[in-house]
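We count ligands from 1, going down the list as the structure has it; atoms in each ligand are counted the same way.
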Amino acid sequence: MCGIVGYIGSGDPKKVILEGLKTLEYRGYDSAGVAILDGNKFKRIRAEGKLSILKEKLESEIFSGHIGIGHTRWATHGKPSERNAHPHSVKGVSIVHNGIIENYADLKESLKDLGTEFLSDTDSELVAHLISAEIDSGKDLFTSVLAILPRLSGAFSILAVSTDQPDEMVAFKNGPPLILGPAKDEIIVASDVQAIIKYTKDVIYLDDFEIAHIVGSKYKIFDKEGKIIAKKIVHIDWSPEQVEKQGYRHFMLKEIFEQPRAVAAAIAPHVDLNHHTVQLSRLGLGGTGVEDLESLNLIKDYQNTVEKLKNVNRIFIVACGTSYYAAMVGKYVIERMAGVPVEVDIASEFRYRNVVIPKDSLFVTISQSGETADTLAALRLVKEMGVPCLSICNVKRSTIDREAHGHLYMNAGAEIGVASTKAFVCTLSLLNILALNIGKIKETISSSEEQKWVREMLSVPSQMEIVLAFDKFFAEASHTLKKFRGFLYMGRGVNYPIALEGALKLKELAYMHAEGYASGEMKHGPLALIDESMCIVMLAPSDELYEKTVSNLEEAKARGGEIISIGTGENTKLRQISEHYLPLPSAAWFVNPILEVIPLQLLAYHMADALGHDVDQPRNLAKSVTVE
Ligand code: F6R
């Protein structure tokens with residue numbers, strides 16, 4: 001949940017670290033700090049609040065050294081404050097840490113019994129004390145880190161420096177990501193490639209229990225026993241410009257507007273543009289995991305994948321938050337197109353219940369970041385059972401992507417806004433493609449249906465462009481809509497999860513009470529909520545449930561609620577019942593969710609902006625949830 005950057009080289013560590021932390025601010029933004037060599041000491045400067053406050057504090061600071069570490073925090077142990085901000089320093093040792101040290105309380109108590117004084121409430125400070133004690137006993141930095149690791153449990157990554165070896169850094173990963181970017185005459189270590197790509201696109205992903213020992217511009221990677229290991233250099237295929245706002249006021253707005261292009265990129269690898277057929281490409285389900293990705297024999301893989309999918313009798317999809325709502329949409333689509341029963345689960349529930357996974361099941365995880373702790377734990381659990389695991393990820397080579405057998409990529413490009421937008425619509429598109437492909441393999445859809453539906457998918461990006469025009473409407477309407485006490489989002493069938501997603505977006509961005517409901521459930525409780533202070537957002541596209549949805553809308557209207565309805569094309573009935581009617585282009589039932597979610601994203605975005613909230617970094621949240 002936190003962001004780590006380390007720098008060693010001939011350049012200016014302050015500049016590289018601050019720029020790197022800026023790109024990682026999505027991972028945490030309640031406090032930040034750096035420790036940079038100055039003379040023969042690491043000078044530590046920390047600040048509570050956003051990175052901009054640290055930046056101001058560092059404005060006039062000059063450091064003579066060329067090595068340093070930095071951190072942007074998302075509080076787990078100890079409230080956001082300067083004393084709890086990283087780096088934590090003990091004598092000459094400074095560390096930054098991401099993740100949780102589960103046995104920290106016992107270790108802390110035993111150190112306190114020996115007279116150690118703690119200056120913060122974090123689990124992280126402990127690491128600096130432990131390393132420092134090892135150094136006091138005569139070890140160097142690297143052997144000290146190696147010595148303390150067996151004493152720590154949990155999922156965490158650490159980067160450490162010491163005044164005793166002022167040209168060395170030691171990085172350790174077990175859980176949260178840590179990546180090395182060996183550029184010319186310098187090395188950058190970071191939690192995400194975004195902090196590195198400006199300097200090099202050739203990076204090394206540390207795997208769990210690996211330690212990088214960096215001396216000057218040279219590095220070696222070791223396993224936990226201290227044996228040197230050879231690592232592959234991975235080339236990143238996106239550019240630094242992708243992590244800039246490019247004229248938009250917020251990353252979220254830029255990402256909402258990028259959605260048509262993102263969807264096109266998500267589906268392109270899997271459709272034949274000439275014949276309008278679908279074929280899951282580079283899925284990898286026939287292989288054993290990430291190492292196959294480079295050398296994947298596509299024809300063999302496709303045959304194996306087809307074989308596996310043909311025999312699949314049940315699908316489990318597991319995810320968190322917005323990705324979970326995408327999974328819910330996937331259930332409707334796969335069951336209807338391919339006739340395979342689908343179970344969807346919230347990862348934090350799935351991993352702790354006694355799951356029963358029948359033979360011939362396929363397990364699918366959805367994760368934009370590919371690092372979400374609960375989703376990863378669910379994947380590992382199911383992989384142990386010998387079930388084929390398919391990941392739908394945005395971040396290539398993230399932990400979930402690497403550990404799954406098969407891979408579908410969202411291809412959304414970097415998503416920086418904490419609230420997920422373009423990754424969501426790309427996932428919905430991929431689930432449509434997956435459903436179509438399984439339906440084709442299992443012969444539940446005909447080839448003319450396949451061609452028709454592929455054509456529908458190919459026209460989605462241009463339909464999305466039309467829907468983006470609602471931006472103007474919400475920019476104005478948000479100023480009056482913000483007076484409502486609460487928002488009730490409703491939909492039926494495949495539109496129901498979109499109601500849940502719309503409510504989540506409003507909660508996380510505008511900090512307003514919002515609920516998502518299946519319209520048919522309204523009479524079973526939520527109707528009592530409706531009066532003039534409640535705004536109802538109804539998803540009412542022209543599908544087979546439309547008439548029922550309109551009846552629900554009438555009931556809400558009769559109780560005095562303000563109605564925003566979203567339907568298909570010109571619709572006098574909806575216009576008449578609603579205070580605001582937003583017409584969508586006519587589309588297939590499985591395309592409607594992709595179009596409907598856009599006005600809901602714009603509503604949440606403009607409400608948050610009108611209320612003066614930080615849209616890209618909503619309070620208490622972080623983009624990548626690498627802790628439970
Ligand atoms: C909400 C949001 C979160 C994430 C969730 C899972 O806008 O972004 O609910 O969807 O934390 O994250 P990933 O998809 O990275 O596993």
So if I count the atoms of ligand 1 from 1 in the order they appear, which ones are less than 4.0 Å from some heavy atom of [X]?
X      : value
Ala419 : 7 (O)
Ser367 : 13 (P), 14 (O), 15 (O), 16 (O)
Lys505 : 1 (C), 7 (O)
Val418 : 8 (O)

Once the angle between the rings of [X] and [Y] is folded into 0 to 90°, is it parallel (under 30°), tilted (30 to 60°) or perpendicular (over 60°)?
X      : Y      : result
Tyr104 : His77  : perpendicular
Tyr605 : His250 : perpendicular
Phe487 : Phe484 : perpendicular

Would Ser420 and Glu415 satisfy side-chain hydrogen bond (donor to acceptor under 3.5 Å, both in side chains), going step by step from the backbone distance to the final call? CA-CA 7 Å; Ser420 189; Glu415 192 180 66; 3.0 Å; yes
Charged N to carboxylate O below 4.0 Å: is that the case for Arg402 and Asp207? yes
Any salt bridge linking Glu501 with Lys505? Criterion: basic side-chain nitrogen under 4.0 Å from a carboxylate oxygen.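 Counted as a salt bridge, because a side-chain N and a carboxylate O are separated by less than 4.0 Å.
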[atom]: which protein heavy atom is closest, and how many Å away?
atom                    : value
atom 7 (O) of ligand 1  : Glu508 OE2, 2.5 Å
atom 5 (C) of ligand 1  : Cys320 O, 3.6 Å
atom 4 (C) of ligand 1  : Thr322 N, 4.0 Å
atom 12 (O) of ligand 1 : Thr372 OG1, 3.5 Å
atom 11 (O) of ligand 1 : Val625 CG2, 4.0 Å
atom 15 (O) of ligand 1 : Ser369 OG, 2.6 Å

Working to the nearest 0.5 angstrom, can you tell me the gap between Tyr409 OH and Leu430 CG? 11.5 Å
